[in-house]
Chemist: 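My questions all concern the structure below.
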Amino acid sequence: MANMRKHPVRGLRGIDDALWKDFDAATTAANTDRSSTLRAYMEWYVGREGASLPKTVSYVVRRR
């Protein structure tokens with residue numbers, strides 16, 4: 001089907017807009033994206049072989 005996605009969409013609850021925006025800015029600063037970073041963290045968390053904890057960046061989010 002034309003509108004089928006490669007992977008199912010997973011929703012995350014309880015994440016406020018400010019956190020989501022800050023996470024987006026931090027992953028962009030690390031030259032990656034939210035999905036890749038979340039997937040890497042989840043693989044590390046469940047103990048998948050070869051998985052490592054994603055690196056964090058020294059990123060300061062300035063509030064307006």
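Values reported hereafter were calculated over all heavy atoms of this structure, with side chains retained and with hydrogens, waters and symmetry mates removed. Count residues from 1 along the sequence.
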Chemist: Does R48, at its CZ atom, have more than 12 non-hydrogen atoms belonging to other residues, nucleotides or ligands within less than 6.0 Å?
Modeler: no
Chemist: Can you name the residues that form a side chain to side chain contact (heavy atoms under 4.5 Å, CB included) with D17, not counting sequence neighbours?
Modeler: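 D17 satisfies side chain to side chain contact (heavy atoms under 4.5 Å, CB included) with no residue once adjacent residues are dropped.
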Chemist: Tabulate below the donor-acceptor pairs under 3.5 Å that side-chain atoms of residues 36-46 make, not counting sequence neighbours, or state none.
Modeler:
unit_1 : atom_1 : unit_2 : atom_2 : d
S36    : OG     : D33    : OD1    : 3.2
S36    : OG     : D33    : OD2    : 3.1
T37    : OG1    : D33    : O      : 3.0

Chemist: Hey, is CG on D16 packed in by over 12 heavy atoms from elsewhere, all under 6.0 Å?
Modeler: yes
Chemist: Return each pair, listed once, that meets ring-ring contact (aromatic ring centres under 6.0 Å, His included) where at least one residue sits in residues 4-25; pairs must be two or more places apart or across chains.
Modeler: none
